[in-house]
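In what follows, a structure is listed as structure tokens, so that the remarks can point back to it.
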Amino acid sequence: MLIANVIVDVPTLQTNRPWAYGIPKQLQDVVTPGMRVQAPFGNGSRLLQGFVVSVETDNFTEFSDKKLKLIQGVLDLEPVLNPELIQLGQVMAKQNFAFQISMFQTMLPNFFRARYEKSLVLMEPSKVMDERVHQLFADRDEVAFNREEIPDELLSVLKRYQQQKIIKIHYHIKNQAKSKLVRQFKAQQTAENYLRLRSELKLSATKQARMLTYLSEHSNDEWRLVSALEKEFNFSSQDVKKAEEKGWLQTEYVEAYRQPETMNLSGYAQPLTLNFEQFEAYQTIQQALIEQKKRTFLLEGVTGSGKTEVYLHSIAQALELGKSAIMLVPEITLTPQMVQRVKGRFGAQVAVLHSGLSDGERYDEWRRINQGTARVVVGARSAIFAPVENLGLIIIDEEHENSYKQDDNPRYHAREVADWRADFHQATVVLGSATPSLESRARAQKGIYTLLHLQQRVKNNSLPRAEIIDMTESLKVNGDDLYSKKLIEAIKARLVRHEQTVLMLNRRGYANFMMCRDCGYVPMCPNCDLAMTVHADTHRLECHVCGATQSLPYVCPQCHSKRIRPFGTGTQKAEMQLQKLLPQAKILRMDNDTTRRKGSVEKLLTSFGRQEADILIGTQMIAKGLDFPNVTLVGVLNADTSLRLPDFRASERTFQLITQVAGRAGRADKAGEVLIQTFNPQHYAIQLAKDQDYERFYQQEMRLRHQWRYAPYYYSIQIKFVHADEMQAVQAAMQTAEWLKNHVADNTMIFGPAPSGVKRLKNKYHYQVLIRYQHDAQLEQAMTQLMDDAQKWQAKGVQISIDRDPLNIG
DNA sequence: AGCACGCCGACT
DNA sequence: GTCGGCGTGCTC
């Protein structure tokens with residue numbers, strides 16, 4: 001008997017392993033590893049979706065035939081996971097303390113996720129005495145079984161009938177992955193034949209005559225869509241059917257791909273010429289590609305140094321070698337312009353995966369990749385799992401971006417997945433950034449990665465002149481904390497010259513909340529330990545975590561003072577203040593509120609690009625990827641707010657943010673200027689960002705990281721404990737911390753338990769324990785044990801999550 | 001996850 | 001005496 005080892009769709013620790021199933025005879029030629037199957041699991045043998053990870057011949061020792069259940073059916077005719085991805089899923093599950101089933105589901109389009117349905121089947125109607133049950137079935141012998149629709153008191157009745165085998169429960173797995181089929185047609189005869197046929201028609205057969213005329217004129221055409229023919233020439237499906245019956249044309253069904261964007265690819269765009277630096281970098285990458293031995297490059301290049309063109313050249317080289325390529329970009333920079341640039345170069349070979357796709361579109365793009373039609377994949381984080389064969393090149397643009405790590409389970413990091421896949425394929429990895437993560441830069445230092453430098457800007461224009469404005473000293477406009485006189489003057493100068501300005505309000509670690517100027521009272525969210533945020537448009541307070549709202553108080557609820565007013569600054573207020581200072585300026589605002597709707601980011605940016613506004617003011621989202629030649633001034637309104645975050649990466653984040661936004665100035669032939677307003681003018685992160693001096697920042701920050709024993713010198717694992725009752729959360733955290741101390745190496749450090757940065761969220765208490773270590777042989781074992789214990793805590797309602805190398809500590 | 005088994009309290 | 005509460009344990 002053939003045995004299939006199956007990972008079933010039950011995300012728990014105890015079930016996180018392959019289960020053996022017999023393969024029935026009729027499926028023996030069908031079931032192969034990587035396929036989704038229906039497997040009966042557990043006491044009631046409810047049907048579950050599962051992934052076959054291996055197939056073997058039974059040795060008749062391990063299982064008595066009694067124990068072995070049979071696979072009930074297949075959900076695919078072809079595997080959806082290839083051997084590489086099966087292995088990858090297993091490795092990543094282990095590495096990230098996640099379940100294999102969750103990993104597999106993450107790797108595939110949503111369409112492959114099973115939908116479960118239950119139904120009640122009436123076996124012996126005559127034995128049902130309860131009238132309510134008869135009503136439920138209403139003469140049918142099978143009805144859908146939805147818990148919510150059936151009253152509790154009926155549930156026990158049904159259960160008794162089920163035990164007596166009068167009623168049975170059937171389980172159904174719905175396969176969502178359906179290809180769309182379309183019909184196409186082709187002429188079958190010669191033009192002369194069609195004309196002859198037409199002459200033989202009765203005069204009244206005008207429709208047929210039109211059909212023959214059309215066919216005679218298109219007898220040499222390739223396959224065309226039947227629907228197009230019907231629409232363009234006003235034929236009915238009957239007409240087409242008749243024509244087919246008469247042998248005038250032939251039709252067939254083909255799988256249709258829901259193309260996300262219809263783009264007319266009129267010819268390929270020519271590659272741009274590389275400058276010397278770019279060429280050198282490219283050559284090194286090219287060599288690695290040709291050698292086909294895994295190598296990782298860190299392409300460190302200032303904004304505007306033309307990294308993208310190096311990527312595109314490298315992709316072209318990979319394709320030429322018969323390889324495929326994956327290029328990851330942060331979701332926010334995955335704009336139509338960017339996509340167009342890649343599609344323009346590589347045409348229909350490009351597949352794009354981003355969050356804006358519908359499930360159907362995503363599924364179709366996935367299939368184009370799976371079938372090898374698309375050999376270049378561009379996408380955000382999850383595109384790293386694209387099922388390409390023969391992978392030769394992986395590019396991760398803006399590699400320092402946080403979004404490459406998923407922030408809920410499974411908490412994988414795309415960079416790590418890339419590393420594993422590159423090992424598997426002996427592929428080349430290119431990590432690109434103007435401000436690499438310290439982890440990556442340190443690896444380059446150690447020789448694990450090869451550092452490639454791009455120091456010039458492509459158009460040879462120098463970096464913008466940058467200046468720090470000390471807000472403690474500066475003359476402020478109207479005594480206002482937001483705009484210095486210098487900045488306002490600079491903007492005015494741009495208005496006169498019809499040049500544009502970009503202003504960034506650093507909202508990280510910042511919020512505009514209400515505060516009573518007399519007693520210091522701040523309205524807090526009733527569910528979360530967070531100040532509520534002022535929304536001027538709706539005149540309400542809103543919690544950004546749980547969404548609770550309340551009206552703006554006009555009198556302090558604590559001391560009844562009328563001096564309760566907004567404190568801090570939101571983009572709205574910044575915009576309003578600026579408009580007051582510069583009434584003639586046209587201002588565009590870009591923040592969470594104005595970009596909530598799909599496509600609105602695009603609209604805003606296009607409008608700004610057309611110079612329909614003088615000033616673009618926004619949050620950190622404007623720091624990335626904008627390229628507007630007419631922008632000659634970039635202002636950072638509050639550079640230092642993100643410095644105050646209780647996280648060891650606060651400096652790194654601040655440096656990256658300022659450097660990035662500064663790079664938006666003067667990208668064309670006009671000289672750019674950057675003004676950085678701050679209350680911490682001496683801080684090294686701000687000073688060095690002003691000079692765009694990544695290398696010195698790296699040196700300085702590494703010294704501090706070493707001193708404080710942080711990454712990249714130490715690894716960390718964060719364990720979070722969440723419970724509605726604070727004591728429960730604390731207790732779980734305490735016991736875990738104590739237990740850990742006795743089960744890890746001596747030089748491994750255990751911190752906590754400590755309340756998380758925000759202790760209470762959505763009425764639940766968050767506590768955390770942090771492990772920091774360098775090498776610890778015992779840790780793996782300890783963590784496995786801990787996951788086991790976590791199950792017990794979870795049973796008591798304490799949610800526990802484990803995060804390896806967390807991006808936020810605090 | 002979901003289902004059964006099992007051992008204690010408040011009902012006919 | 002039974003019905004049902006949810007703690008515990010298992011699922012090829």
Does the ring of W366(A) carry R368(A) above it, NZ/CZ under 6.0 angstrom from centre and within 45° of its axis? no
Atom-to-atom span, CG of L13(A) to P of dC10(C) - whole angstrom: 14 Å
Does N43(A) or R46(A) map to a spot on DNA chain B nearer the 5' end, using the closest nucleotide for each? R46(A)
K69(A) NZ to dT11(C) C1': how many Å, rounded? 7 Å
Rounded to whole angstrom units, what separation is found between the CG atom of L47(A) and the P atom of dG2(B)? 14 Å
Taking the side chain of K118(A) as heavy atoms from C-beta outward, which of dC12(C), dC3(B), dA1(B) is closest to it? dC3(B)
Taken in chain and number order and not counting sequence neighbours, the residues that satisfy salt bridge (charged side-chain N to carboxylate O under 4.0 Å, His left out) with K764(A) are none
Side-chain contact check for V10(A): nearest option of dC3(B), dC12(C), dA1(B) is dA1(B)
Contact class for Y21(A) vs. all strands (heavy atom < 4.0 Å): base, sugar-phosphate, or nothing? sugar-phosphate
For the pair F41(A) and W19(A), name the ring-plane relationship: parallel under 30°, tilted 30 to 60°, perpendicular over 60°. perpendicular
Side-chain N or O of Y171(A) closer than 4.0 Å to phosphate OP1/OP2 of dC3(B): yes
Using only heavy-atom distances, determine whether the side chains of S324(A) and E389(A) contain a donor-acceptor pair under 3.5 Å. no
